[in-house]
2 protein chains.
Amino acid sequence: MIQSLNEHNREDLQEALSKGGQKLTPQREVVFAVLLAQRDHPTVDEVFNRAREVMPGLSLATVYNCLETFVGCGLVRQVNHERESTRYCPNLAPHAHFRDKETGQVHDIELPPEVMKSLRSILPPGFDSEVIEISFLGRAKANDSLNSN
Amino acid sequence: MIQSLNEHNREDLQEALSKGGQKLTPQREVVFAVLLAQRDHPTVDEVFNRAREVMPGLSLATVYNCLETFVGCGLVRQVNHERESTRYCPNLAPHAHFRDKETGQVHDIELPPEVMKSLRSILPPGFDSEVIEISFLGRAKANDSLNSN
DNA sequence: CTTGCGGTTTAGACTCATTCTAACTCTTTA
DNA sequence: TAAAGAGTTAGAATGAGTCTAAACCGCAAG
Ligand SMILES: [Mn+2]
Ligand SMILES: [Mn+2]
Ligand SMILES: [Zn+2]
Ligand SMILES: [Zn+2]
């Protein structure tokens, strides 16, 4: 079930959008709510299907547009694994992604600052990096659960 | 200019292929030679165009097939950055990739074992990973050069 | 030799995630 | 009320990658 955004989240969305010169629209609210409701790194199609339950007239093109807007505003990250469909993640903390080879599920892995630092330190002089993507592929046993909001 | 494989490299190719139950063919030799000749992480199309210079009848499908075979035999790695075309890398040492935002060039970054270890250590219990991909996005100034063979 | 077999190569058709286009809607401003 | 501009929409277009079926080739059996 997709609940609509609470005060706090709507404010965050509002602020990030206007900072990027964009407006808050009903479609954007729904798409953002979908991302927050279930943090399982859905594909565009998954977002589309979930969002349609609450806003049946919503189009796939709009879902693409909304997600692109969110990425542009820094509200959401794209997650790519090999050539699979792009997935979307509203977790703004620095983190890596772990994909379970069997289930296909994607899990967030917290990234301690000291690891970030050691990573940055391997760059030879002259290399300056803004973005570092880390992704694990393997098997994650059991104790899946806990969808925080 | 694409030179053909030397003794040593042909042996490596031969061995890796037969270990994977595959044969050494003229097409595979040419495609592999292209990868070794210029280690700039070419796309399939780039490999195709370079290989055609020395073997004009070669087909794009075969380039896809050869590269897939090499990946299967562990001779070559695929490199993906966001949704761009897949690139191919014959560097078998553990390394990360750095993509220059301006030029699009992809550079290898050596990965010291201690960094690999610190990365593996951030996985919570129950998570077991065989493959770790690390990619940097940013700007690399100058001192590009040195295409080792 | 000649034939048959299995793996490889080839051209071209196809797929499907993503991007593009152009019409439509909504809100704001004159 | 009209014009402007941002956002939304359906559907067409794109293009990297995959699939298919026919041709090819090296080799071993008859
Ligand atoms: Mn799992
Ligand atoms: Mn460079
Ligand atoms: Zn995430
Ligand atoms: Zn590489």
Note to self: Strictly by ring pair (Phe, Tyr, Trp, His ring centres under 6.0 Å), give each pair with a member in residues 16-53 of chain A just once, sequence neighbours left out.
What the structure shows: A:F32-A:F70, A:H41-A:H97
Margin query: Within the 4.0 Å limit for protein heavy atoms, which parts of nucleotides 8-14 of chain C are touched? Write it as a string from 5' to 3', B for base, S for sugar-phosphate only, - for none.
Written below: SSBB---
Next item on the list: Just grab all the salt bridge (Lys or Arg N to Asp or Glu O under 4.0 Å) pairs involving residues 1-10 of chain A, residues at least two apart or on different chains.
Entry: A:R10-A:E29
Margin query: Do B:R83 and A:T86 pair up side chain to side chain, a donor and an acceptor below 3.5 Å, judged on atom types alone?
Written below: yes
Check: Does a side-chain heavy-atom distance below 4.5 Å link A:V47 with A:V44?
Finding: no
Next item on the list: Start with the C-alpha gap between A:D108 and A:R77, add the side-chain angles, then the distance that decides, and say whether salt bridge (charged side-chain N to carboxylate O under 4.0 Å, His left out) holds.
Entry: CA-CA 12 Å; A:D108 283 349; A:R77 279 172 58 184; over 6 Å; no
Margin query: Give the residues of residues 80-90 of chain B touching DNA chain D, defined as any heavy atom closer than 4.0 Å, sorted by residue number.
Written below: B:S85, B:T86
Note to self: Measure CZ/B:F48 against C1'/D:dG17 and give the value in whole Å, please.
What the structure shows: 14 Å
Item checked: Rounded distance (Å) that lies between atom C1' of D:dG7 and atom CZ of A:F70 -> 13 Å
Note to self: If I take atom OH in residue B:Y64 and atom P in nucleotide D:dT18, what distance separates them, rounded to the nearest angstrom?
What the structure shows: 7 Å
Notebook entry, point to check: Does the side chain of B:I122 come within less than 4.5 Å of A:F136's, by heavy atoms?
Noted result: yes
Item checked: Qualifying side-chain hydrogen bond (donor to acceptor under 3.5 Å, both in side chains) pairs, either residue in residues 63-74 of chain A, two or more places apart -> none
Notebook entry, point to check: When Ile, Leu, Val, Met, Phe, Trp and Tyr are grouped by side-chain heavy atoms lying under 4.5 Å apart, directly or through other members, which residues fall in the same group as A:V131?
Noted result: B:L137
Note to self: What is the distance, to the nearest angstrom, from the CD atom on B:E68 to the C1' atom on D:dA16?
What the structure shows: 14 Å
